[in-house]
Every structure is written in structure tokens, then in C-alpha cells.
Amino acid sequence: MKIGNVEIDNPIVIAPMAGITNPAFREICKKFKAGLVCTEMVSDKAICFENKKTLSMTQVNENEHPLSMQLFGHDKDTMIQAAMFLDTQTDCDIIDINMGCPVTKIVKANAGSALMKDEEYAASLVKEIVNHVKKPVTVKMRIGWDNENKNCVSLAKKLEAAGVSAIAVHGRTKKQMYEGKADWSYIKKVKEAVKIPVIGNGDIRSVEDMIAMMEMTGCDMVMIGRGILGDPWLIKHCLHYLKTGEIENDTDVEEKFSLAYEHAQSLCELKGEKVGMKEMRGHAAWYIKSLKYSHRVKDLISGMATLGEFGIILENYKKSLENDNWQWLER
């Protein structure tokens with residue numbers, strides 16, 4: 001399986017998620033053998049102005065390959081300049097153009113999903129980028145702006161002609177944001193309209209979802225986003241099915257706690273303990289979701305400030321589950 005000249009071992013792709021897919025998270029996904037991981041989106045103008053925080057987000061660790069780095073923006077000059085920086089000054093394997101982000105501040109700058117509103121401009125922008133870089137260029141988009149403007153098929157054809165190596169399609173409109181149900185039928189329409197690889201995205205939260213999407217759409221790869229938050233084992237389960245045809249859904253609680261602590265350690269190393277543990281509060285809540293007494297643990301997690309505190313919370317939580325008594329979780 002290839003995107004341009006980049007070989008992908010398997011069809012499980014991890015979606016770019018702002019504030020989530022940093023190196024600490026990506027390395028966990030790679031630990032579970034994801035075929036391709038994607039970075040958080042980075043701003044073209046921030047790269048051009050050499051913003052230190054943004055430039056730090058372009059660092060790639062050796063064990064993350066293959067990796068796609070996502071770029072957002074609108075203006076051709078800065079998008080081309082930023083893409084050339086990613087091409088020559090970073091160790092990413094693929095450059096992805098964001099045409100799917102629905103967040104207001106991104107859309108107001110005519111970036112993200114706003115690019116879908118002008119197909120000719122979007123295609124010309126991508127063509128210029130393709131012509132200026134050596135690495136494969138891909139696009140992630142939505143099915144359209146709203147229910148009356150679902151133009152992903154016509155745009156996909158133009159993007160293929162512009163030279164993109166693959167297209168990821170999130171089965172929601174911009175207006176839907178992250179609400180409602182993803183419409184996979186448009187992913188199928190895009191797959192039937194182009195010859196380049198198509199990556200299906202939206203509402204993959206189980207092995208059964210992956211199977212259903214691949215069977216319904218014929219997509220070449222499946223992109224998983226929110227479905228792996230707190231549950232990177234989903235990657236392993238999907239790969240197990242693809243290899244054996246068997247469905248497994250078991251995840252050991254002790255293994256879950258161990259990985260959560262490892263994740264926290266990596267975040268602290270990456271961002272310092274203060275920022276790392278603040279970010280870990282959200283991740284920790286995802287890791288324990290659906291476990292018994294999780295509501296009590298979430299109260300403790302919301303106030304934790306150090307890695308040591310998190311270790312104690314996890315140890316006490318383990319005792320509570322083993323003894324089926326929440327007294328260990330009293331403040």
C-alpha cells in the first residue's frame with residue numbers, strides 16, 4: 001500500500017487532532033502498529049514567521065515513520081513557503097493540506113473547510129504546492145460545507161488532477177462540526193470517482209465500524225480519530241481482524257492504567273510537568289471511561305498537578321476495583 005512513494009504497512013491511519021496528536025500520543029499509536037500517524041495541524045503563517053512553538057511541533061521522532069504533517073492556511077505564497085519548509089527542513093514523509101477543519105477561527109481565515117467553497121482556488125493552491133515539493137501531498141476534507149453543498153466528489157476529481165497522492169474524506173459537512181452521524185455514502189462516491197487512494201474517516205469507534213466502512217465504501221484506508229482517545233487498543237483490534245478475520249475487544253485494566261501513566265510521563269517530558277499534567281487530565285478521563293467508579297476518579301483527576309499524584313490516583317483506583325469498594329478513592 002502506497003501514498004505516492006511512501007509505503008504504508010497497513011490501512012489504519014490516525015487522524016490529525018489539534019491538541020492531541022503530539023509526539024507523546026503518536027508514539028503510543030505507533031506502539032500499537034498504526035500504519036500512518038498524522039500530526040496536529042500547523043499554521044503556514046506561523047511557519048513563515050518562524051514561530052518557535054509551531055516550529056517545535058514539526059519535530060519528528062525516529063520511530064514515528066511513516067508520518068504525515070498537516071498544514072493549514074489559505075494564501076498561496078505562505079502555503080507554498082510553508083510546504084517547502086516541511087519538505088526540506090522536517091523529517092515528515094507526507095504533507096497533508098487541511099480542507100476539513102470546521103472551527104470558526106480557522107474558517108474565518110478562509111482556511112480549513114472554507115477552502116472547499118472555492119474548488120478552483122483549492123485545486124490551484126494544491127497544484128502549486130505539489131509543483132514546489134518532492135514529498136507526496138494529500139488532502140483531508142469534509143463532504144461539503146452544508147447539506148445543500150456537498151461537493152466532495154467534484155473537488156476530489158480536481159485535486160486528483162492537481163497531483164495529490166491521496167484524499168481523506170470525513171463524512172460530515174462543515175456545518176455539522178462533530179455532531180450527528182457521518183455519511184459514509186459520500187466516501188464511496190469519492191472512491192468511485194478517483195484512482196488515487198481514498199481514506200475514509202468518521203464514526204470509527206470499533207472493529208465492527210471499520211469493517212462496515214470498508215465494506216460500504218471500498219475505501220483503501222480507514223482514519224480513526226476520537227475513537228482511539230483513551231483506547232489505542234482499537235488499533236490492535238482492527239489489525240488483528242485484518243490479519244485473522246477474528247474480532248477481539250479485550251483490554252486488561254492494569255494494562256490500561258500502565259499505558260495511561262506512560263502517556264503522562266511522555267507528556268511531562270515533552271511539555272514539562274505543569275503543562276503535561278494539565279493536558280493529561282483529559283486523556284486520563286478517556287482512559288477510564290466506562291470503568292466502575294470512574295465518576296469519582298474524574299473528580300480527582302480534574303485537580304491533579306503532578307505525575308506523582310496521578311500515580312497515586314491510579315494505584316488507589318486499582319485497589320478500589322480489586323476490592324469493589326470506592327473507599328480508596330475518598331479524598
CD1 (Ile204) and SG (Cys238) are apart, to the nearest 0.5 Å, by 8.0 Å
Below 4.0 angstrom, N of the basic side chain to O of the carboxylate: do Glu119 and Lys158 qualify? yes
**Any donor-acceptor N/O pair, Arg26 side chain to Glu64 backbone, under 3.5 Å** = no
TODO: Kindly work out whether a path of hydrophobic side-chain contacts (I/L/V/M/F/W/Y, heavy atoms less than 4.5 Å apart) joins Met214 to Tyr186.
DONE: yes
With a 3.5 Å distance limit and no angle check, can you tell me whether Asp75 reaches the backbone of Asp77 through a side-chain donor-acceptor pair?
no
Here the gap from Glu208 atom CD to Tyr241 atom OH, rounded to the nearest 0.5 Å, amounts to 9.5 Å
Within the distance-only criterion (no hydrogens, no angle test), does the side chain of Arg281 pair as donor or acceptor with the backbone N or O of Met304 below 3.5 angstrom?
yes
Could you check Asp203 against Met213 for side chain to side chain contact (heavy atoms under 4.5 Å, CB included), going step by step and ending with a plain yes or no?
-> CA-CA 9 Å; Asp203 292 350; Met213 175 181 276; over 6 Å; no
Is there a side-chain contact between Met69 and Ile95 (heavy atoms, below 4.5 Å)?
no
Run the side-chain donor-acceptor check on residues 188-197: report pairs under 3.5 Å with partners two or more places apart or on a different chain.
from, atom 1, to, atom 2, distance (Å)
Lys191, NZ, Asp220, OD1, 3.2
Lys191, NZ, Asp220, OD2, 2.9

Exercise for the section: Kindly indicate, with the supporting measurements, whether the criterion side chain to side chain contact (heavy atoms under 4.5 Å, CB included) is fulfilled by Leu115 and Phe72. Expected result: CA-CA 10 Å; Leu115 283 169; Phe72 77 91; over 6 Å; no
Report yes if some heavy atom in the side chain of Thr90 is under 4.5 Å from a heavy atom in the side chain of Lys135; otherwise report no. yes
_Test item: Thr173 and Asp183 side chains (from C-beta on) under 4.5 Å apart, heavy atoms_ = no
- Does the side chain of Tyr287 reach to within under 4.5 Å of the side chain of Leu229, using non-hydrogen atoms? no
Decide yes or no on side chain to side chain contact (heavy atoms under 4.5 Å, CB included) for Cys152 and Ile143, but give the supporting numbers first.
CA-CA 5 Å; Cys152 56; Ile143 60 175; 3.9 Å; yes
Distance-only side-chain donor-acceptor flag, Lys140 / Asn201, under 3.5 Å: yes
Exercise. Find out if a path of hydrophobic residues (ILVMFWY) with successive side-chain heavy-atom gaps under 4.5 Å connects Val253 to Leu259.
Key: yes
Is Asn51 atom CG crowded by more than 12 heavy atoms from other residues, nucleotides or ligands, each under 6.0 Å away? yes
Open item on the list: Keeping Trp184 on the side-chain end and Gly202 on the backbone end, is there a donor-acceptor pair under 3.5 Å?
Closed with: yes
For the CD atom on Glu254, are there more than 12 heavy atoms of other groups (residues, nucleotides or ligands in this structure) within a distance under 6.0 Å? no
For Asp91, the side chain to side chain contact (heavy atoms under 4.5 Å, CB included) test, sequence neighbours excluded, returns Val60, His65
Taking every heavy atom of Gly73 against every heavy atom of Ala111, the minimum-distance pair comes out as O-CB, 3.5 Å
On a heavy-atom basis, the closest approach of Glu248 and His237 is O-CG, 3.1 Å
Between Asp96 and Thr138, is any side-chain donor less than 3.5 angstrom from a side-chain acceptor? yes
Heavy-atom nearest pair, Val198 first then Cys219, reads O-CB, 3.6 Å
Side chain Glu160, main chain Ala156, donor-acceptor under 3.5 Å: no
ask   = Do Met41 and Ile3 belong together in a cluster built from hydrophobic side chains that touch within less than 4.5 Å?
value = no
Rounding to 0.5 Å, atoms CD1 (Ile80) and CG (Asn131) come to a distance of 8.5 Å
Would a distance-only check, ignoring hydrogens and angles, find a side-chain to backbone donor-acceptor pair under 3.5 Å from Thr39 to Gln70? yes
- prompt: Is the distance between the ring centroids of Tyr317 and Tyr293 less than 6.0 Å?
  reply: no
message: For Glu255, is there any backbone N or O sitting under 3.5 Å from a side-chain donor or acceptor partner on Asp252?
response: yes
**Side-chain donor-acceptor pair present, Ser124, Lys76, cut-off under 3.5 Å** = yes
- [ ] Taking the side chain as every heavy atom from C-beta outward, state whether Met57 and Asn22 have any pair of such atoms under 4.5 Å apart.
- [x] no
Donor-acceptor pair, side chain of His132 and main chain of Glu128, under 3.5 angstrom = yes
NE2 of His170 to CE of Met223, rounded to nearest 0.5 Å, is 10.5 Å
Backbone N or O of Gly19 within a donor-acceptor pair of the Glu40 side chain at under 3.5 Å? yes
Are Met99 and Ser113 close enough that some pair of their side-chain heavy atoms sits under 4.5 Å apart?
no
task = Could you please spell out the steps behind the side chain to side chain contact (heavy atoms under 4.5 Å, CB included) verdict for Ile47 and Thr78?
result = CA-CA 9 Å; Ile47 289 175; Thr78 50; over 6 Å; no
Quiz item: Would Asp231 and Lys289 pass as an ion pair if we require N to O under 4.0 Å?
Solution: no
Taking every heavy atom of Ala122 against every heavy atom of Leu159, the minimum-distance pair comes out as O-CD2, 4.3 Å
Does some side-chain heavy atom of Val137 sit less than 4.5 Å from a side-chain heavy atom of Ile97?
-> yes
- Task: Give a yes or no on whether Lys33 atom NZ has more than 12 heavy-atom contacts from other residues, nucleotides or ligands under 6.0 Å away.
- Result: no
- Same hydrophobic cluster for Leu155 and Ile129, using side-chain heavy-atom links shorter than 4.5 Å among ILVMFWY? yes
Quick one: do Val107 and Met116 end up in the same hydrophobic cluster if we chain Ile, Leu, Val, Met, Phe, Trp and Tyr together by side-chain heavy atoms under 4.5 Å apart? no
Are Lys31 and Glu262 ion-paired here, with the side-chain N under 4.0 Å from a carboxylate O? yes
Could you check whether Glu27 and Asn61, counting side-chain N and O atoms only, form a donor-acceptor pair closer than 3.5 Å? yes
Between the CH2 atom in Trp286 and the CD1 atom in Ile228, the distance rounded to the nearest 0.5 Å is 10.5 Å
Next item on the list: Scan side-chain atoms only and decide if Asp209 and Ser206 contain a donor-acceptor pair under the 3.5 Å cut-off.
Entry: yes
**Asked** Side chains of Asn110 and Tyr121: is there a donor and an acceptor less than 3.5 Å apart?
**Response** no
**Message:** Tell me if the NZ atom of Lys236 is crowded by more than 12 foreign heavy atoms within 6.0 Å.
**Reply:** yes
Review point. Side-chain contact, heavy-atom cut-off 4.5 Å: Asn147 with Lys175?
Key: no
Result block: side-chain N/O donor-acceptor pairs under 3.5 angstrom for residues 270-277, not counting sequence neighbours:
from, atom 1, to, atom 2, distance (Å)
Lys271, NZ, Glu279, OE1, 3.3
Lys271, NZ, Glu279, OE2, 2.7
Glu273, OE2, Leu307, N, 2.9

Donor-acceptor under 3.5 Å (Thr88 side chain, Met84 main chain): yes
Query raised in the report: His263 vs His283 aromatic rings, parallel, tilted or perpendicular, using cut-offs 30° and 60°?
Result: tilted
Q.
Taking OH in Tyr178 as the centre, count heavy atoms belonging to other residues, nucleotides or ligands within less than 6.0 Å. Is the count above 12?
A. yes
Separation between OG (Ser266) and OH (Tyr261), nearest 0.5 Å, reads 11.0 Å
In short, Pro66 meets Gly35 closest at the heavy-atom pair CG-O, 3.3 Å
